[in-house]
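Values in this document were obtained by computation on a predicted structure and should not be read as measured data. Any value given below was found using the heavy atoms of this structure, including those in side chains, with hydrogens, waters and symmetry copies removed.
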Amino acid sequence: MSELTDRRLINTLISGHYADPFSLLGMHQTPKGLTVRALLPDATEVWVIETNTGRKCAQLECIDSRGFFEGVIPRRKNLFRYQLAVTWHGQQNLIDDAYRFGPLLKELDSWLLAEGTHLRPYETMGAHADVIDGVPGTRFSVWAPNARRVSVVGDFNFWDGRRHPMRLRQESGVWELFVPGAVQGQLYKYEIIDKHGQLRLKSDPYAFEAQMRPDSASMICGLPPKTKMSEKRQRANDFDAPISIYEVHLGSWRRHTDNNYWLSYKDLAEQLVPYAKEMGFTHLELLPINEHPFDGSWGYQPTGMYAPTRRFGTRDEFRNFIAVAHQAGLNVLLDWVPGHFPSDDFGLAKFDGTELYEHGDPREGYHQDWNTLIYNFGRREVSNYLTGNALYWIERFGIDGLRVDAVASMIYRDYSRKEGEWIPNHFGGRENLEAIAFLRYTNRTLGNAAPGTVTVAEESTDFPGVSRPSETGGLGFWYKWNLGWMHDTLNYMKIDPVYRKHHHNNLTFGMLYNSTENFVLPLSHDEVVHGKRSILDRMPGDAWQKFANLRAYYGWMFGFPGKKLLFMGNEFAQGKEWDHDISLDWHLLEGEDNWHHGVQRLVRDLNHTYRDHPPLYQLDFDQMGFEWLVVDDFENSVFVFVRRDREGNELIVASNFTPVPRHHYRFGVTEAGSWQEVLNTDSAYYHGSNIGNLGAIRSEAIPSHNREHSVSMTLPPLATVWLVREAS
C-alpha cells in the first residue's frame, strides 16, 4: 500500500465516505507483521494490548492529526485478541476495537432476508445486546443497500459518524457492526451517506424502543421474551365464541384531571382493565400504539413499527399492561398499520437516498388522502419487514390479534384516485397484486406460527373472500368489519321514526350478504369524528327519544349476527364527538342517576346477557343461526328474528323503531312453548318508560306469519326486547 494510496484512503475514511472500513481498520496480516490501524479522533496515545496476557505489544503512531493511528507488531503472524489503551485528554481508557470482530450476519439469515422469507427478521436486524469473544456490547444491523456509507452513532461514541462506520454485506444490502461497550438504555441512530452523497440521520426501522416525539432516537434494549398463548385465549377468538370488543385510544380514554396529562400504562392497567371487565367486554382493541410523531394521527402514521410509544411508559410497562388484561380474562387486539407511513426525514422515507421502502412513482407510492407514503409490497425485504412485525407483536407481547387498517387502500391501486392518477397492474387491472400477496402471506404465516391468533380487516369494499382462506382465493383474514351494516343501520337510525317505514330495507339488507364473510359489527372511532357527530347525537327527536333510539339500536346490534365492537364513550352515550386531546366526558356519569348511567348499565347487561346465551354468538356465520320472524312490517317499523345455537336453543330479538307502543303484537314462532323476557331496552333501570311483558309469554295455536303457533306481546316504544324460550 503506497503512501499516496494510504493518504487517499485515510482522507476518504475520515471524511466519512469509506464504505469498507474493515479492509483498513483493525488487525491485518502484512509482510512486515501484524498491522493495526484505528480511527480515534482526539486521542493522543494508543497502545495495542494483548487481551490474554495484558502485555503491551506495540504503540500506534498517529499518522494523521485527525485521529488515524497505525502500527506494526513485528514477528507476529497470527491474529490474536487485543484491546486498545487510548489516552484522551490525559486519561487512559482500555477499549475493545470494533474492527477486530468478524462478520455477524449468518449465512442462512442473510439468505432468508434477501429472499424475504425470514420468519423472525427482528431477531437478526436492529440492535441486539451480545457477548462476542467474552466482550459485551451491541450488534447493529440495518438494510440500506444503496447507501455509500453507514455509521452507527449514539451515546456510546459522542454521536460522531467517523467513529463506527459499518460493514456492508453485499449479498443482502445489510450493514452491520458490533460495538463493544454499547449497552442497554443508550440512544442511537444510523448516519447514512446516501446514494446521492447526502447525509441522513435515520432511526432504526427495527428499534424495539424509541424516544417520544419530538425526539426520534432509537434505544438499545433486548428483545422481550416470547409469550405463550393459552388455550383459553385461543378459544376466546373462535368463530363460535362471544366476542365483544371495546375499542380504545389510550391517550384519551381518561386523563389526569389536574394537568390533562396521559394515564400511564400502569394507570391504564389499574383503571381501564377492570372497567372493561366489569362492563362485560371480552376484548380490548387498542388504536395503534407504535411510536408516531404526530398526536393527531392517533397512531395511524407510525414511524416505529417495532416500538410501543413512550407516551404512556416503557416497553416493559406496556407488556405488563397486556399481561394484566389477560389475567382479567380480556384478549387484546392491536390496530396494525402496514399500508402506509409518514414522510418524516428520520423515518423510512428515502432511507438510503432511494425509495427503498416506498414506491418511486407517486401514483403508486403516495397517499393523497393522508399525505403518507405507501409501502412497496413487491419488494421482498419490505414485505418481510412487515410480516415479521405482525408476528413480533403476537410472539413478544402476547397480542391476541391484529385489526389491519385501511385494507381497501392497500388492495386497490386506484383507491381514492382519479383517472390518470394510478398505474394499472401488469394485467391492466386495478388490484394491487403485490399487496394482496403480502396480506395472504402474512395471514398464512400467523396461522402457522401463532395458532389461535386472529386478524381483522377494516375493508370497505365488496372484495370477495376477505375472511376466506387464501387457498380458495380469499385474503385469509379471520374477520372483516361490516362497514356496510354500520352505514346502513346508522343511516336508518338518524331518520325521524315517521319516515323509517320508507327505509325499512336498511336494516334487513345486511342479511342478504351476511354469509359471505365472518363479520364484526363496528361502531368505531371513525364514526364519532370529523363532523359526523357522536352516535347519540345522530339519533332523532328530543332527549328522551335520542336515548331511547340509542338503546333500541344497541339491543338490535347485540342481537344481530356478527361479533360486536364499540368505541370508548359509546357505552355511556357521550354527547359530543371524540377529541383525542382530552379525556372522555366521564363527568356525564357524575351526580344523580341519569340517562347516561342508563345506557352504560344497558351496555353492561347486553354484554353479559350476550355472553350467557350461545344462540346469540355460536352460529354467527351459519345460516342455521338466524331466521326472520317478522321482516316486512314496514308500516310499524317492527323487526323480529330468532337466533339459534347448535343444540337448537332459541332467543328472539324484537325491535320497535317507532315511539308508539305496540300492544298485543302477534307474530309466528317456530315451536310452541313459553318465552321469558331477559332484556328490555325500555326498562326503567335504563331510564326507559318501563313498558314490557311481565312474566312468561306463552305461545298459542294461532297461525301467524306462515307458522302454526304464535305469541302476542307488548313491544315498547323505541325499544328492543330479547326473549328466551324456557325449557319445557
Item checked: Flag side-chain contact, heavy atom, 4.5 Å: Leu356 against Arg379 -> yes
Check: Do we see a donor-acceptor contact under 3.5 Å between the side chains of Ser23 and Tyr18?
Finding: yes
Check: Side chain of Ser172, backbone of Ser110: donor and acceptor closer than 3.5 Å?
Finding: no
Checklist line | Trp111 atom CH2, neighbour heavy-atom count above 12 within 6.0 Å | finding: no
Notebook entry, point to check: So, does Asp64 use its side chain to make a donor-acceptor pair with the main chain of Phe68 at under 3.5 Å?
Noted result: no
Note to self: Among residues at least two apart in sequence or on other chains, which ones pass side-chain contact (heavy atoms from CB on, under 4.5 Å) with Ala182?
What the structure shows: Thr138, Phe140, Phe156, Val179, Gln186, Ile220
Margin query: Tyr375 vs Phe341, test: ring pair (Phe, Tyr, Trp, His ring centres under 6.0 Å). Steps then yes/no.
Written below: CA-CA 8 Å; Tyr375 286 105; Phe341 59 92; 4.7 Å; yes
Next item on the list: Say whether Thr303 and Asp344, considering side chains only, have a donor N or O and an acceptor N or O under 3.5 Å apart.
Entry: no
Check: Do His326 and Asn331 have side-chain atoms, one donor and one acceptor, less than 3.5 Å apart?
Finding: no
Checklist line | Pair His340-Thr372, side-chain donor/acceptor within less than 3.5 Å | finding: yes
Notebook entry, point to check: Taking side chain as C-beta onward, heavy atoms only, is Arg162 less than 4.5 Å from Leu39?
Noted result: yes
Check: So, do Gln29 and Leu34 sit near enough that their side-chain heavy atoms are less than 4.5 Å apart?
Finding: yes
Next item on the list: Side-chain contact test, heavy atoms from C-beta onward, threshold under 4.5 Å: evaluate it for Leu119 versus Thr445 and give yes or no.
Entry: yes
Note to self: Check for me whether the distance between the ring centres of Tyr357 and Trp143 falls short of 6.0 Å.
What the structure shows: yes
Next item on the list: Output yes when a side-chain donor or acceptor of Asn389 lies under 3.5 Å from a complementary backbone atom of Met305, and no otherwise.
Entry: yes
Note to self: Any side-chain to backbone donor/acceptor pair from Asn93 onto Gln91? Under 3.5 Å, distance only.
What the structure shows: yes
Check: Between Arg311 (side chain) and Leu263 (backbone), is there a donor-acceptor pair under 3.5 Å?
Finding: no
Note to self: Could you check whether Thr387 and Asn384, counting side-chain N and O atoms only, form a donor-acceptor pair closer than 3.5 Å?
What the structure shows: no
Next item on the list: Could you give me the CA-CA distance, side-chain angles and deciding distance for Lys266 and Glu317, then say whether salt bridge (charged side-chain N to carboxylate O under 4.0 Å, His left out) is met?
Entry: CA-CA 7 Å; Lys266 183 175 183 293; Glu317 287 168 343; over 6 Å; no
Next item on the list: Inspect the contact between Arg37 and Glu70 and indicate whether a charged nitrogen and a carboxylate oxygen are less than 4.0 angstrom apart.
Entry: yes
Next item on the list: Calculate, to the nearest 0.5 Å, the distance between atoms CG and CG belonging to Leu250 and Asp267 respectively.
Entry: 11.5 Å
Check: Distance only, no hydrogens: is a donor on one side chain within 3.5 Å (strictly under) of an acceptor on the other, for Glu176 and Ser141?
Finding: no
Check: Under 4.0 Å between a Lys/Arg side-chain N and an Asp/Glu carboxylate O for Arg213 and Asp215?
Finding: no
Next item on the list: For Asp109 and His118, test the side chains for any donor-to-acceptor distance below 3.5 angstrom and give the result as yes or no.
Entry: yes
Check: Between CE of Met410 and CG of Asn432, what distance do you get to the nearest 0.5 Å?
Finding: 8.0 Å
Note to self: Testing the 3.5 Å rule here: is there a donor-acceptor pair between the side chains of Thr354 and Asp352?
What the structure shows: yes
Margin query: Once rounded to the nearest 0.5 Å, what's the spacing between atom OG of Ser470 and atom CD1 of Ile436?
Written below: 12.0 Å
Check: Side chain of Glu291, backbone of Arg310: donor and acceptor closer than 3.5 Å?
Finding: yes
Checklist line | Plane angle bin for Trp298 and Tyr300 - parallel if under 30°, tilted between 30 and 60°, otherwise perpendicular | finding: perpendicular
Item checked: Pairwise ring-ring contact (aromatic ring centres under 6.0 Å, His included) hits with a residue in residues 22-56, at least two apart -> Phe22-Tyr99
Check: Between Asp96 and Arg81, is there a salt bridge with N-O shorter than 4.0 Å?
Finding: no
Check: CD/Glu50 to CZ/Arg76 distance, rounded to the nearest 0.5 angstrom?
Finding: 4.5 Å
Notebook entry, point to check: For residues 202-228, which residue pairs qualify under ring-ring contact (aromatic ring centres under 6.0 Å, His included), counting only residues two or more places apart or in two chains?
Noted result: His128-Phe208, Tyr206-Tyr306, Tyr206-Tyr385, Phe208-Tyr392
Note to self: For a quick check under 3.5 Å, do Tyr188 and Asn157 share a side-chain donor-acceptor pair by atom type?
What the structure shows: no
Note to self: Could you report the tightest heavy-atom contact between Thr455 and Gly476, atom names first, then the distance?
What the structure shows: OG1-O, 4.3 Å
Checklist line | Distance-only side-chain donor-acceptor flag, Arg315 / Asn320, under 3.5 Å | finding: no
Next item on the list: Verify, without hydrogens or angle tests, whether Thr442 (side chain) and Leu439 (backbone) share a donor-acceptor contact under 3.5 angstrom.
Entry: no
Notebook entry, point to check: For the atom pair OG1 (Thr12) and CZ (Arg7), what is the distance rounded to the nearest 0.5 Å?
Noted result: 11.5 Å
Note to self: Assess, by modelled atom type and distance only, whether the side chains of Thr30 and Thr35 contain a donor and an acceptor separated by less than 3.5 Å.
What the structure shows: yes
Margin query: Any donor-acceptor pair under 3.5 Å linking the side-chain atoms of Lys189 with those of Ser216?
Written below: yes
Item checked: Pair Glu123 + Arg396: basic N to acidic O under 4.0 Å -> yes
Item checked: Exam field: side chain Lys226 to backbone Phe397, donor-acceptor pair closer than 3.5 Å -> no
Item checked: Polar contact flag, side-chain donor to acceptor under 3.5 angstrom, Ser151-Arg149 -> yes
Check: Think Arg363 forms a cation-pi with Tyr366, using NZ or CZ under 6.0 Å from the six-ring centre and within 45 degrees of its axis?
Finding: no
Margin query: If we ignore hydrogens and angles and just use 3.5 Å, is the side chain of His292 paired with the main-chain N or O of Asn290 as donor and acceptor?
Written below: yes
Item checked: Enclosure of Glu107 CD (heavy-atom neighbours >12, cutoff 6.0 Å) -> no
Margin query: Any side-chain to backbone donor/acceptor pair from Arg233 onto Gly398? Under 3.5 Å, distance only.
Written below: yes
Margin query: Could you check whether Asp160 pairs with Arg163 (Lys NZ or Arg NE/NH1/NH2 to Asp/Glu carboxylate O, under 4.0 Å)?
Written below: yes
Notebook entry, point to check: NZ of Lys350 to CG of Asp345: how many Å apart, nearest 0.5 Å?
Noted result: 10.0 Å
